[in-house]
Amino acid sequence: MRIAQLAPLAESVPPKLYGGTERVVAWLVDELVELGHDVTLFASGDSRTKGELHPVWPRALRLGRKGADPNAACAVLLEAIAKRAKDFDVIHAHIDWLPLPLLSRLGVPFVTTMHGRLDLPGLSEVLRQFPGASFVSISDHQRLPLPEANWIATIQHGLPSNNFRPSFDQGSYLAFLGRLTAEKGPQDAIRIARAAGMPLRIAAKIPRGETAYFKKQLEPHIDGRAVQLVGEVDEVKKQPFLADAVALLFPIDWPEPFGLVMIEAMACGTPVIAYRSGSVPEVVEDGVTGFIVENEEQAVRAVGDLARLDRRKIRVRFEERFSADRMAREYESAYRGLISAAVGHSAAAFAAPNAEHRRETRPADELPATS
């Protein structure tokens with residue numbers, strides 16, 4: 001198949017530092033190429049891919065030239081796919097709702113993977129405008145606010161099995177990896193680690209809009225010993241950060257659509273202690289790859305139970321459930337379904353006028369009698 005992938009422009013593909021969606025897109029493109037498909041990635045010019053890169057903006061917006069207008073970059077992206085749409089059998093968008101007006105008019109099968117939360121006001125109205133658009137969710141929980149959407153599949157994220165080397169040693173600290181926002185639970189992580197008597201290491205970026213939250217709620221508790229802030233980590237540093245941890249703390253307070261860091265930890269053999277929220281019950285197998293808990297008290301008890309878990313089994317379950325190959329094959333199946341449906345629709349549309357024409361031009365002796 002000839003496949004176009006439309007990536008966000010905030011980060012490169014894959015991202016240099018933080019960026020879950022862009023990382024997933026990178027893995028998906030590379031795996032589809034390995035499966036023999038002709039894949040074109042529409043992304044920032046500093047991206048790297050096994051497919052054909054169509055650079056639509058010189059550098060990723062977050063780490064590029066300050067002051068760049070993201071709307072201008074998106075306009076260039078949409079124009080690029082509009083010009084090349086007929087080169088593809090299917091178009092796969094990862095930029096939420098933005099391209100729907102265009103993609104609905106190009107005459108090429110397309111699908112949108114929703115990577116974010118869907119419980120926001122106004123989204124049902126968007127769906128009503130595009131009843132023919134197809135969507136993929138990254139967890140079953142993610143799609144609950146919009147049951148009326150044309151969901152063609154739930155395809156959980158996967159990552160290359162060789163990206164992370166597992167460690168089967170017990171680990172020496174608790175880890176927190178993610179954005180430093182209240183909904184991600186860094187305050188809970190600090191309290192859990194302190195109550196469990198374990199050191200906590202935090203690998204995270206401080207979002208521009210969360211500086212006040214960090215200064216007031218988190219910084220006073222970061223002493224460099226019991227609680228350490230190591231900052232953002234790239235793919236090279238992430239592996240030892242997760243592999244050397246006794247567990248990953250994932251105390252979220254929002255409807256997390258997937259939570260990529262959970263499977264990154266599992267790839268390292270590291271168990272996950274997570275609040276029962278969002279997609280967590282679909283990702284973590286309680287008592288096997290980690291523990292699903294309801295509150296801080298249960299999380300502290302779970303830290304004491306970590307020795308019950310087999311880190312080798314955690315790695316095996318990662319390989320069985322969350323490989324990039326599995327993810328790519330599921331998308332491959334979804335693409336084929338879209339293309340088949342489009343061909344069937346075109347054949348039906350072609351046949352209907354011809355049938356009408358044949359009816360109107362039948363010989364007079366074959367026409368039904370009239371009164």
Side-chain angles (χ1 to χ4, degrees), residues 2-34 37-85 87-88 90-103 106 108 110-116 136 138 157-160 163 177-179 204-209 231-238 257-258 260-261 264 324 327-328 331:
R2 299 168 302 161
I3 306 166
Q5 299 281 343
L6 309 186
L9 298 175
E11 308 287 347
S12 62
V13 178
K16 304 296 187 294
L17 295 170
Y18 186 85
T21 298
E22 295 84 0
R23 189 163 282 114
V24 171
V25 173
W27 296 330
L28 175 59
V29 171
D30 287 354
E31 289 294 331
L32 288 171
V33 171
E34 290 296 319
H37 299 292
D38 182 0
V39 187
T40 301
L41 173 65
F42 291 76
S44 62
D46 51 347
S47 299
R48 294 175 289 106
T49 180
K50 291 182 180 179
E52 175 196 339
L53 176 63
H54 185 123
V56 298
W57 200 255
R59 286 178 54 81
L61 295 172
R62 186 169 77 91
L63 299 179
R65 188 174 62 185
K66 291 184 178 180
D69 184 351
N71 291 326
C74 288
V76 174
L77 171 60
L78 295 181
E79 178 65 9
I81 189 59
K83 288 180 177 178
R84 293 194 57 188
D87 294 341
F88 305 106
V90 65
I91 299 171
H92 186 177
H94 301 269
I95 50 178
D96 295 333
W97 313 99
L98 182 67
L100 291 180
L102 174 66
L103 297 182
L106 292 179
V108 178
F110 72 94
V111 63
T112 300
T113 293
M114 303 308 298
H115 289 270
V136 166
I138 56 177
H157 291 332
L159 59 89
N163 266 32
L177 176 61
R179 287 180 289 111
K205 73 172 184 178
I206 305 172
R208 293 175 183 173
E232 284 192 77
V233 291
D234 58 19
E235 288 297 280
V236 174
K237 295 178 180 178
K238 184 185 294 184
F258 184 80
L260 188 62
V261 66
E264 291 176 328
M327 173 179 66
Y331 274 114

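Using a 4.5 Å heavy-atom threshold, the side chains of Arg23 and Glu264 count as touching. The shortest distance between side-chain heavy atoms of Val24 and Phe258 does not fall below 4.5 Å. Between Leu100 and Phe110, the closest side-chain pair of non-hydrogen atoms falls below 4.5 Å. Ile95 is listed as a side-chain neighbour of Leu77, based on a closest heavy-atom distance under 4.5 Å. Using a 4.5 Å heavy-atom cutoff, the side chains of Tyr331 and Thr113 are in contact. The side-chain heavy atoms of Val25 and Leu41, taken from C-beta on, include a pair separated by under 4.5 Å. Side-chain contact between Leu98 and Cys74 is present, with heavy atoms from C-beta onward closer than 4.5 Å. The shortest side-chain heavy-atom distance between Asp96 and Met114 falls under the 4.5 Å cut-off.
The structure places CD1 of Ile81 at 8.0 Å from CG of Leu102, a figure rounded to the nearest 0.5 Å.
By the salt bridge (Lys or Arg N to Asp or Glu O under 4.0 Å) test, Glu31 is found to be paired with no residue, residues two or more places apart in sequence or in another chain being considered. Applying the salt bridge (Lys or Arg N to Asp or Glu O under 4.0 Å) test to Lys50 and every residue at least two apart in sequence or in another chain returns Glu34.
Scanning both residues, Ala43 and Ala7, for their nearest heavy atoms gives CB-CB, 4.1 Å.
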CA sep, side-chain torsions, deciding dist, call: Arg84, Glu52, salt bridge (charged side-chain N to carboxylate O under 4.0 Å, His left out) | CA-CA 13 Å; Arg84 293 194 57 188; Glu52 175 196 339; 3.0 Å; yes
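Here the rule is side chain to side chain contact (heavy atoms under 4.5 Å, CB included) with Pro99, and of Ile91, Leu78, Leu106 only Leu78 fits it.
Listed by first and then second residue, the side chain to side chain donor-acceptor pair (under 3.5 Å) pairs that reach into residues 2-13 are Arg2-Asp89, Gln5-His92, Gln5-His94, Gln5-Tyr335, Glu11-Arg62, Ser12-Lys16, sequence neighbours excluded.
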